[in-house]
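See below for the structure under consideration.
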Amino acid sequence: AVVSTQSTGAKGIIDQFSTFLIDCDGVLWTSEKAVKGARRALDALVKAEKRVILVTNNCGRTVSSIQRMMDEILGIPDIPKRDVITSGVATAIYLKNRMNIEKEKVYLIAQDAFSKTLDDYGISHFGLGPQPFRNTVEWGEFEVDPSVKYVVVSLDPDFNHSKLTEAYLYITENNAEYIVPDVDMFYSCKRGDGTRKIPGTHSVQAGLSAMVEKAPTPIGKPSRFIFDMIQEEYGPLDGGRTLMIGDSYETDMKFGFNCGIATALVLSGNAKKEDVEGFERQPDFVMDDISGILD
């Protein structure tokens, strides 16, 4: 159900918009279990011939794994690859098309799926997996590879002091560009009938950001880079008829605000009903879950 709305339009939500940008985790599924009403909502959008683009900050999944989840969790096969945009894909496009990366290397702090995404775009990178602890003598002898021009930092289960230090050296001694595919403070996971918040990617980035005293280049939501990238790669969007649906105020709603498009916050993931009143700017719609677009 729609909990609240800032819209004064008489039309239903589906009729008001031609393009729907939809987050995945916390909106379509939580802990790989379908959110109630998600399949009905997507079916209604397809029936109404709306353009649907999945936009996720989760670069720990490849596009093909999200396509598989759409099939296995929601029973919706054959989602076109071009309609799934991860922050990992957006980062690869940024490096390839914006920065024209060729022989330069990327130091990558991330999960295996992100590595595969960069491989798909032919981008040379290293840093995946565990790294041994080095003492101060070893760091004093460490040679900084001058070909490393980019440091990309995402969630990494093997993150440790060695990775932090190596990233720091590339940024401070090589002047490597510091790139963050997403800045999510929290992720949501299912707990009983509700959800639980756990630390997100920002927990890995915060220490490095504080030390290098250099603002990173943001790629994922709430940066508008993905919105601009979609239009450059796949054609223009009508901003006045585009709706962003997500479960995070800090990423999804602020992404919508930054792009000048309408916003719908769902309460099936990170955001809770009691949080809404304290927001500095209200979303256009607040719904219990994505099925609220059917009201």
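- Aromatic pair Y107/F126: centroids less than 6.0 angstrom apart.
- Proximity of a side-chain donor or acceptor of S268 to a complementary backbone N or O of G26 within less than 3.5 Å is detected.
- Between K116 and D120 no salt bridge is recorded (no basic side-chain N to carboxylate O distance below 4.0 Å).
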Practice prompt. Begin with the C-alpha distance, continue with both residues' side-chain angles, and end with the deciding distance and a verdict on salt bridge (charged side-chain N to carboxylate O under 4.0 Å, His left out) for D25 and R61.
Written response: CA-CA 11 Å; D25 297 281; R61 293 194 178 110; 2.9 Å; yes

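- Side chain of K214 to main chain of Y178: no donor-acceptor pair is present (N/O by atom type, distance under 3.5 Å, no hydrogens or angles).
- I76 and F20 fall within a single hydrophobic cluster, where Ile, Leu, Val, Met, Phe, Trp and Tyr are joined by side-chain heavy atoms under 4.5 Å apart, directly or via other members.
- For the atom pair NZ of K272 and CG of D247, the computed distance is 9.0 Å after rounding to the nearest 0.5 Å.
- Here M185 contributes atom CE and E250 contributes atom CD; the two are 8.0 Å apart, rounded to the nearest 0.5 Å.
- Pairing each heavy atom of G75 with each of P77, the nearest pair is O-CD, 3.4 Å.
- Atom CG of L169 and atom CD of E143 lie 11.0 Å apart (nearest 0.5 Å).
- Around the CD atom of E277, the shell of radius 6.0 Å holds no more than 12 heavy atoms that belong to other residues, nucleotides or ligands.
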Item to complete: Verify side chain to side chain contact (heavy atoms under 4.5 Å, CB included) between V35 and V266, making sure each step is shown before the conclusion.
Response: CA-CA 11 Å; V35 168; V266 296; over 6 Å; no

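- To the nearest 0.5 angstrom, I53 atom CD1 is 8.0 Å from R82 atom CZ.
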Discussion item. Working note: I179 + L95, criterion side chain to side chain contact (heavy atoms under 4.5 Å, CB included); need CA distance, chi angles, decisive distance, verdict.
Written reply: CA-CA 10 Å; I179 298 172; L95 290 168; 3.8 Å; yes

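- Between G220 and I226, the closest heavy-atom pair is CA-CD1, 3.9 Å.
- Under a hydrophobic clustering in which Ile, Leu, Val, Met, Phe, Trp and Tyr are joined whenever their side-chain heavy atoms come within less than 4.5 Å, directly or via other members, I290 and M69 fall into the same cluster.
- Here the side chain of N57 pairs a donor or acceptor atom with the backbone of K221 at under 3.5 angstrom.
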Discussion item. Assess the residue pair F227 and M244 against the criterion (side chain to side chain contact (heavy atoms under 4.5 Å, CB included)); give the C-alpha distance rounded to whole Å, side-chain angles, the decisive distance to 0.1 Å, and a yes or no.
Written reply: CA-CA 10 Å; F227 185 74; M244 175 68 216; over 6 Å; no

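- Inter-residue side-chain proximity for N58 and T86 is flagged as unmet; no heavy-atom pair is nearer than 4.5 Å.
- When every heavy atom of T30 is checked against every heavy atom of C189, the shortest pair comes out as CG2-C, 3.7 Å.
- Side-chain contact between I171 and L208 is present, with at least one heavy-atom pair separated by less than 4.5 Å.
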Worksheet entry | Full working for side chain to side chain contact (heavy atoms under 4.5 Å, CB included) between Q131 and D158 | CA-CA 8 Å; Q131 288 191 28; D158 298 310; over 6 Å; no

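- At a threshold of 4.5 Å between non-hydrogen side-chain atoms, the residues P130 and N160 do not count as touching.
- One N or O on the side chain of Y249 and one on the backbone of R281 form a donor-acceptor pair closer than 3.5 Å.
- For the pair L128/D112, a side-chain contact is recorded, criterion being any heavy-atom separation below 4.5 Å from C-beta on.
- Side-chain contact between M99 and Y150 is present, with at least one heavy-atom pair separated by less than 4.5 Å.
- A heavy-atom distance below 4.5 Å is found between the side chains of E166 and W139.
- Side chain of K96 to backbone of I123: no donor-acceptor contact under 3.5 angstrom is found.
- Remark: side-chain polar atoms of D156 are not paired, donor with acceptor, to backbone N or O of I109 under 3.5 angstrom.
- The shortest heavy-atom contact between G235 and R51 is O-NH1, 4.2 Å.
- In the displayed structure, Y168 atom OH is contacted under 6.0 Å by at most 12 heavy atoms of other residues, nucleotides or ligands.
- In the hydrophobic clustering of ILVMFWY residues, with side-chain heavy atoms under 4.5 Å counting as a link, I245 and M70 come out together.
- Residues Q231 and P236 come closest through the heavy atom pair OE1-CA, 3.8 Å.
- In this structure, the side chain of S162 engages the main chain of P132 through a donor-acceptor pair within 3.5 Å.
- Remark: side-chain polar atoms of Q205 are not paired, donor with acceptor, to backbone N or O of V183 under 3.5 angstrom.
- Tracing side-chain contacts under 4.5 Å through hydrophobic residues (I, L, V, M, F, W, Y), one reaches I22 starting from I261; they form part of the same cluster.
- F114 is listed as a side-chain neighbour of T91, based on a closest heavy-atom distance under 4.5 Å.
- Between the K50 side chain and the K47 main chain, no donor and acceptor come within less than 3.5 Å of each other.
- Taking 4.5 Å as the limit, some side-chain heavy atom of F279 sits within range of a side-chain heavy atom of L265.
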Item to complete: Any chance you could lay out the side chain to side chain donor-acceptor pair (under 3.5 Å) test for N97 and E232, step after step, and finish with the verdict?
Response: CA-CA 11 Å; N97 297 353; E232 290 172 8; over 6 Å; no

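- By the rule that hydrophobic residues join a cluster once side-chain heavy atoms approach within less than 4.5 Å of another member, F255 and L28 end up as members of one cluster.
- Surrounding NZ of K36 are at most 12 heavy atoms belonging to other residues, nucleotides or ligands under 6.0 Å away.
- Between G60 and Q111 the shortest heavy-atom distance is CA-NE2, 3.7 Å.
- In this structure, K197 is positioned above the aromatic face of F186, its NZ or CZ under 6.0 Å from the six-membered ring centre and within 45° of the axis.
- Residues D182 and T201 bring a donor and an acceptor atom of their side chains to less than 3.5 Å of each other.
- Screening T19, I14, I13 for a side-chain contact (heavy atoms from CB on, under 4.5 Å) involving L243 leaves a single residue, I13.
- To the nearest 0.5 Å, atoms CG (D71) and CG (D78) are separated by 7.5 Å.
- Using a distance-only test at 3.5 Å, with no hydrogens or angles considered, a donor-acceptor pair links the side chain of T263 to the main chain of D284.
- Note: D295 CG to F285 CZ = 11.0 Å, rounded to the nearest 0.5 Å.
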